Amino acid sequence: MSRITSRRVSYVAFLGAVSLVVAACGGNSSKSTAAATGSTAPAAASAPKSGGSLSIGVEAVWHPIDPLDATTFTDSDISMAVLAPLFDLGPGGTLQPDLATGYTAQNGDKTYVITLRKNVTFQDGTPFDAQAVVFNLQRDANPANACKCRVDLKDLASVVATDPTTVTVTLTQPDSTFPSLLAGTPGMMASPSAVQQEGKGFGLHPVGAGPFKFVSEVANSSVTLAKWPGYWNAPKPYLDSVTFKVIPDVSTRLASLQSGAIQDDEDIQPTEISTVQSASNLKVESLGGVGTYFVEFQTQRAPLDNVLARQAITYATDPQLIDNALFAGKASTGIESPWTPQSWAYPGASVSGYPAYDLAKAKQLVQQLGGLSFTLSIRNDATSVAVGQALQSEWAAAGIKVQLNELQNLALVQDSQTGKFQAMFYRLAGSYEPDGNVSLYFRSGSPQNSVGLNDPVVNQLLTQEREATTQAARKPILQSLAVQLAKDLPEDLLFAADWWRASVSNLHGIPQLANNWMELQGAWLS
Amino acid sequence: MTAPSPQVTPPVKASDHLLDVRHLTQTFKVAVGRTEATLSAVSDISFTIDEGQTLGLVGETGCGKSTTARAILQSPRPTKGQVLFDGEDLTGLRGGPLRRSRRKVQMVFQDPYSSLDPRWRVSDLVAEPLRINRIGGAEDRGRRSAELLDLVGLDPSRFGERKPHQLSGGQAQRVGIARALALSPKLVICDEAVSSLDVSIQAQVLNLLEQLRRELRLTYLFIAHDLAVVKHVSDRVGVMYLGTICEIGDSEEIYRRPAHPYTAALLAAIPTAEATSGDDAASIAGREVAVAQEMPSPLNPPTGCRYRTLCPKAADRCRKEAPTLRSVGPGHDVACHFPLLLAEPDLPGRS
Amino acid sequence: MLQRRSLQALPVIVGVSVLTFLLLNLLPGSIALAIAGPGADPQTIKAIEVQDGLSKPLWDRYWQWLWHAMQGNLGRSLTSSESVTSLVAHALPVTLEVIIIAQVVALVLAVPAALAALADRSGRTDRLLGAVAFAGVSAPHFLWGIILILVFSVHFHLLPATGWVPLTHSVGSNLKSAVLPATTLGIGEFSFYMRILRGDLIDQLREEYVTTARAKGLSGSRVLVGHVLRNSLFSLITVVGVNFGKLISGAVIVETLFALPGLGNLLVTSIYQRDVNVVQGVVVLTAVAFVIINLAVDLLYSTIDPRVRYAVANG
Amino acid sequence: MADMTAAVSNRSVWEDRRLLALDWAVWIPTVLLVALVLVCFLGPVVFGLPAPNVTDLLHPRAGLGTSGHLLGTDELGRDLLSRALHGGQVSIEIGLGSVAIGMALGGLLGMVSGFTGGWVESLIMRVLDTFLAFPSLILALTVAAYLGPSEGNVILAIAFFTVPTFGRIARAGTLQIRQRDFVLSGVLAGARSWYLIIRHVLPNILGGLMTYGLLTVGVAMIVEASLSFLGLGVRPPQPSWGGMISEGKGYLSDAPQIAFVPGAFLFLFVALLNLLGERLRSRHAVGGER
């Protein structure tokens with residue numbers, strides 16, 4: 001993470017299926033306590049103050065502000081402010097009301113009845129009602145619209161407006177996670193009349209029911225939003241205007257924060273934390289993370305089709321050393337399963353059977369194998385290059401020879417999806433819902449099963465875990481899954497993919513959502 | 001042998017002369033401001049040189065002498081006309097045959113330094129033509145190169161290893177001559193071969209050329225802007241003005257009885273016959289400047305006779321009709337409507 | 001001449017467009033996947049391929065692009081679906097402003113520096129300025145940029161480290177946001193211009209007319225400024241003109257570093273996103289601009305200076 | 001434009017070596033450059049430096065003067081001096097290699113087009129103009145992105161964009177040389193174009209090309225750095241000066257040496273090249289001092 005150049009983009013760009021994976025951690029209990037809950041005011045004693053404008057430095061550019069196009073976190077952050085979702089994903093993954101006030105599950109999680117907030121209008125004056133929700137969900141699910149979020153809605157059977165404030169959604173198969181999806185991209189509500197009027201150009205003139213109105217954008221540079229007085233949750237929003245500025249380079253982004261050009265840096269390097277902490281006018285927040293950094297192995301290709309080779313590599317890996325050297329020891333290590341300490345599925349720092357760092361064992365295995373050499377594919381960003389080189393040297397100590405194959409993001413993603421690699425350093429955005437970290441990637445035949453895992457035990461555990469309804473029932477199944485994965489070893493886990501946000505000390509009221517999206521309606525400057 | 005443009009040029013006839021230039025024309029396209037114009041550098045000139053003879057070609061700078069020389073050598077090719085050398089039309093040849101025929105015509109250049117690659121040693125420069133034509137081995141060529149240097153009066157052991165910039169102008173020109181002789185040419189074109197040299201050196205080089213002609217039975221086309229120099233070496237003299245030949249004839253005849261007003265003007269500009277071999281190069285240069293200022297542009301030559309704008313005898317006819325060369329005596333042709341000889345009542349007899 | 005030169009420019013522009021097209025389409029990685037975003041299902045990717053005509057053969061797509069381009073339609077961005085012309089229209093002023101300020105700053109500093117160096121020929125000032133000029137061209141742009149950010153933004157908080165305020169929003173803030181990038185870009189140019197100008201001035205001083213002017217009793221400084229500098233500046237201007245093309249490359253680095261929404265940034269982002277239409281449009285427009293500037297400089301040069309002519313050799 | 005006209009003159013700098021050797025502005029940078037090259041290529045062995053890619057994750061970002069690491073270590077604990085010297089090898093190879101290729105190809109095209117004239121010249125010049133009209137860094141960027149990261153590919157990508165300039169310089173020189181009488185003299189002696197190009201044109205324009213080449217080596221090294229800045233340099237962990245600077249860019253506040261050590265090497269080397277190239281070029285220009 002020396003330079004988490006595209007941390008937020010890559011969450012999406014790296015492994016995709018963001019919307020499914022999106023439900024993220026949020027609740028880093030230690031640091032984000034008071035600010036954590038939805039739209040409530042921060043613990044700071046003083047009352048929120050209206051006025052002022054906020055500039056946020058973001059890494060990635062955005063797509064048109066349209067649920068159909070949203071892929072990056074910047075897309076989501078802007079959508080949150082302009083369009084607003086049906087639900088918010090609060091800390092610990094609890095659903096909180098936004099444009100919808102609640103839901104009931106029926107028919108064994110196959111049917112959901114969603115109740116909507118009354119007396120809400122879109123920014124163009126048209127009413128927000130059940131018809132609008134039906135319109136949006138159908139638009140997102142229509143294959144012709146090629147929504148990037150369509151994978152979320154693939155089980156959608158029907159959407160019906162039961163009455164002006166009630167929508168009934170029927171699925172083709174039970175899915176207990178469906179409501180949380182409505183806190184993601186599919187839940188973003190665009191004004192139907194504006195969509196009809198603008199057609200493809202909607203994303204350039206987005207209209208929603210969110211706290212801020214879209215004012216203008218400068219392509220690849222900035223988006224400006226202004227307070228919308230008609231917002232249902234008056235007196236929010238407090239800020240008069242918000243500007244998102246694209247600053248792709250990590251160090252220049254921090255320099256911008258230091259020099260006052262922006263008030264919030266969405267993503268700083270771990271090595272920069274101390275710099276920010278020492279500045280009196282800045283503060284840093286850990287946003288935690290439910291994703292992980294890991295090296296994935298192509299288990300169908302020599303030489304890593306041999307589990308002993310994978311064990312040797314994993315034994316030779318010392319994540320703590322890399323963390324200390326590159327990230328000032330700030331990354332969360334002790335990850336031996338696909339879940340981080342932020343997730344309720346976290347099985348603890350040690351998973352039985354997982355080959356934790358042991359150089360002697362690694363050497364012995366390499367000897368037994370008669371040597372081991374392979375290619376590690378990495379993205380051509382500074383963080384990946386640094387970690388890749390560190391891994392290379394750690395493995396070299398055990399006699400493993402590695403060639404680094406630096407690729408542009410797109411080529412890397414494509415190689416991953418087509419299984420054209422031996423080993424690949426990767427980062428998974430992670431999902432608050434534990435299933436999101438595993439079933440897509442390890443179930444036989446899944447298109448995203450790039451590691452080529454084909455283990456009936458894993459498949460069965462994945463099915464069991466989905467069918468179980470309560471956390472208590474699911475947790476032991478997930479524990480067994482972790483143990484089975486430690487045995488199969490499709491990935492060498494390094495550390496949690498958590499991130500840090502730096503901002504000026506007088507910025508308050510941005511809650512920590514589980515998916516790490518930014519909700520700005522409660523933000524204010526003192 | 002094919003003529004380049006059959007419709008324009010008459011069929012090639014065999015020639016008794018060593019060099020027979022017929023209707024030679026050379027034009028260039030040049031940019032003037034933003035438009036393109038045609039510069040007619042040489043316009044329909046014809047002359048012959050017999051074996052062993054020297055033809056002097058005189059005229060002021062810019063009159064087309066050097067262009068003529070280069071057109072004869074097909075570098076660049078003339079726009080129109082034929083160049084018969086040893087009975088072969090050079091304009092019809094290309095590639096290997098042209099290279100072979102042209103070997104017998106060599107050139108001595110005005111600026112000896114420019115004609116010698118500054119990076120080569122003298123002995124190599126002289127031997128290069130042999131090397132290009134793969135004549136003899138390296139040793140033979142070395143020997144021949146030494147002979148040639150000897151022939152032009154340079155001690156091969158002293159000068160062979162030098163580079164051109166370590167030579168004086170006269171020495172460099174001698175190297176140029178030796179190089180031109182390497183392939184035993186029949187015709188040597190001396191393009192202002194002495195004009196860049198000091199006057200005292202000029203005489204030495206002229207004497208050398210004269211000596212070589214006798215010893216090697218060479219034929220010269222001797223180009224110069226200085227009538228006095230030409231007179232020394234030429235059997236016949238041609239006078240050029242603005243791309244045309246206005247008078248051609250035996251050397252003595254031309255000097256004694258110029259028929260063209262321009263020739264007369266040129267002769268009159270030579271201070272005295274005795275002084276020309278002396279050291280008044282300055283006056284020659286001065287005269288050149290003076291005339292050059294008045295000379296019309298070859299981009300837009302006068303109609304009719306090209307000399308009429310400066311001619312004291314110009315009449316209406318001169319503007320309307322371009323004079324052609326016609327005989328005014330044995331071997332003496334002039335292109336003028338009112339030649340001086342005819343104007344004179346008692347025509348001196350000739351022998 | 002004008003027609004001839006313009007006709008020569010045409011194949012160059014077509015050549016550039018073919019080259020870009022080939023380069024972009026031969027890059028590894030599917031364009032449709034780039035648009036769909038990773039994780040998209042095959043159906044979506046297929047839909048995008050059909051929608052954007054990506055499944056057609058390469059030459060078909062090129063002809064289609066060329067046909068539309070000739071009608072002034074450069075297509076739409078594959079990622080943002082904004083029209084390429086409007087993307088360029090937004091980005092161009094930023095790049096132009098930075099480049100122009102960089103050029104102006106470089107020139108404004110280079111002229112007095114060259115004169116000062118000349119006045120103190122081979123002296124201390126001359127050497128010092130010479131050293132500065134050498135330093136300017138001896139390190140990559142981004143190294144100077146990083147140093148400038150560290151000093152002026154992070155340490156002294158004088159100027160914003162990054163970002164861009166359009167001229168239409170606030171002239172003051174706009175200039176503030178342009179200072180560092182333009183300076184970064186201008187450092188190399190200043191060095192270049194100063195050295196050229198100094199050399200040219202020395203050459204001019206040797207010319208005959210200077211001696212004549214001095215002989216006529218004109219004062220040294222009068223000759224220098226009135227004649228010599230004027231002549232030298234003229235040749236400098238032509239260099240400046242030609243240099244615009246080179247600066248586009250510099251802008252790529254500077255805009256990435258300073259997060260400016262200019263052409264360079266647009267180009268790099270688009271290359272990474274495989275936004276073929278945008279890259280194609282920007283590169284071709286840049287080439288057109290380059291060709292036009294060169295043409296203009298050549299014509300200016302030949303019109304004003306009678307010594308320069310296009311001699312067209314025969315054969 | 002100014003570069004091209006100065007590139008060729010009657011007398012070449014390489015000609016009078018004795019005179020050159022007496023000019024301190026020529027020999028000081030030459031000696032220093034040679035010394036720097038020697039240090040880069042032999043230094044690691046002579047000084048017994050640690051291997052450039054051996055990491056010490058326990059002691060990353062050591063400062064200058066740390067025992068065993070004269071210039072400190074980088075973010076992975078690798079010896080910066082060793083990396084800077086090895087990186088120098090790569091950078092110098094890239095600089096020289098790309099210029100050599102560019103000069104050979106551009107020189108050949110320029111000479112052929114200048115000497116031959118006609119449609120051959122038009123064709124070659126239009127192709128070169130095409131590459132010249134392409135923003136050079138973008139060209140290198142796309143080529144590098146296309147070929148993938150490796151030292152050889154970076155050399156090719158950079159060579160690609162030096163070709164047109166060398167081509168133009170060679171052509172301008174050839175046009176001048178072609179008018180000289182010794183070329184006509186060669187033609188009259190029966191020489192073929194190839195012979196004249198190789199034996200007479202090339203030796204006479206080589207000095208100008210080499211001088212410009214010297215300056216271009218510096219430019220090529222800077223372009224390498226720029227490509228690395230954009231993530232398209234040589235394959236890690238192989239060091240290059242440019243790659244090291246961009247790697248170190250992330251640690252400017254707490255370990256500036258990671259970026260500034262290779263930065264200083266690059267700066268020194270390119271500055272010396274510029275000094276030397278500029279001096280040689282000024283000797284070329286008619287009239288001497290400049």
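Chain letters run A, B, ... following the sequence lines, proteins first and then strands; every chain starts at 1. Note that the structure is a prediction, hence the values are computed from the model and not measured.
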Output a table of donor-acceptor pairs, distance under 3.5 Å, between side-chain atoms of residues 176-191 of chain B and any protein atom two or more places apart or on a different chain; print 'none' if there are none.
from: B/R179; atom 1: NE; to: D/S185; atom 2: OG; distance (Å): 2.8
from: B/R179; atom 1: NH1; to: B/L125; atom 2: O; distance (Å): 2.9
from: B/R179; atom 1: NH1; to: B/E128; atom 2: OE1; distance (Å): 2.7
from: B/R179; atom 1: NH2; to: B/E128; atom 2: OE1; distance (Å): 3.1
from: B/R179; atom 1: NH2; to: D/S185; atom 2: OG; distance (Å): 2.9
from: B/K186; atom 1: NZ; to: B/D86; atom 2: OD2; distance (Å): 2.6
from: B/D191; atom 1: OD1; to: B/S66; atom 2: OG; distance (Å): 2.9
from: B/D191; atom 1: OD2; to: B/S66; atom 2: OG; distance (Å): 3.0
from: B/D191; atom 1: OD2; to: B/R70; atom 2: NH1; distance (Å): 3.0

* Asked: Are any of the side-chain heavy atoms of D/F182 and B/D117 separated by less than 4.5 Å?
  ->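 A side-chain contact under 4.5 Å exists here.
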* **Proximity of residues 131-146 of chain B to chain D, residues having a non-hydrogen atom under 4.5 angstrom** =>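 Counting heavy atoms that sit under 4.5 Å from chain D, the residues of residues 131-146 of chain B involved are B/R131, B/I132, B/N133.
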* To do: Any chance you could measure D/D181, atom CG, to B/Y113, atom OH, to the nearest 0.5 Å?
  =>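 The OH atom of B/Y113 is 14.5 Å from CG of D/D181, to the nearest 0.5 Å.
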* How long is the span from the CG atom in D/L184 to the CE atom in B/M107, to the nearest 0.5 Å? ->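 D/L184 atom CG to B/M107 atom CE measures 5.5 Å (nearest 0.5 Å).
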* Is there any residue in residues 186-200 of chain D with a non-hydrogen atom under 4.5 Å from a non-hydrogen atom of chain B, and which ones are they? ->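 Near chain B, by residue number: D/G186, D/V187, D/L188, D/A189, D/G190, D/A191, D/R192, D/Y195, D/R199, D/H200.
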* Per-residue contacts, residues 92-103 of chain D versus chain B, heavy atoms under 4.5 Å ->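 Under the 4.5 Å heavy-atom cut-off, nothing qualifies.
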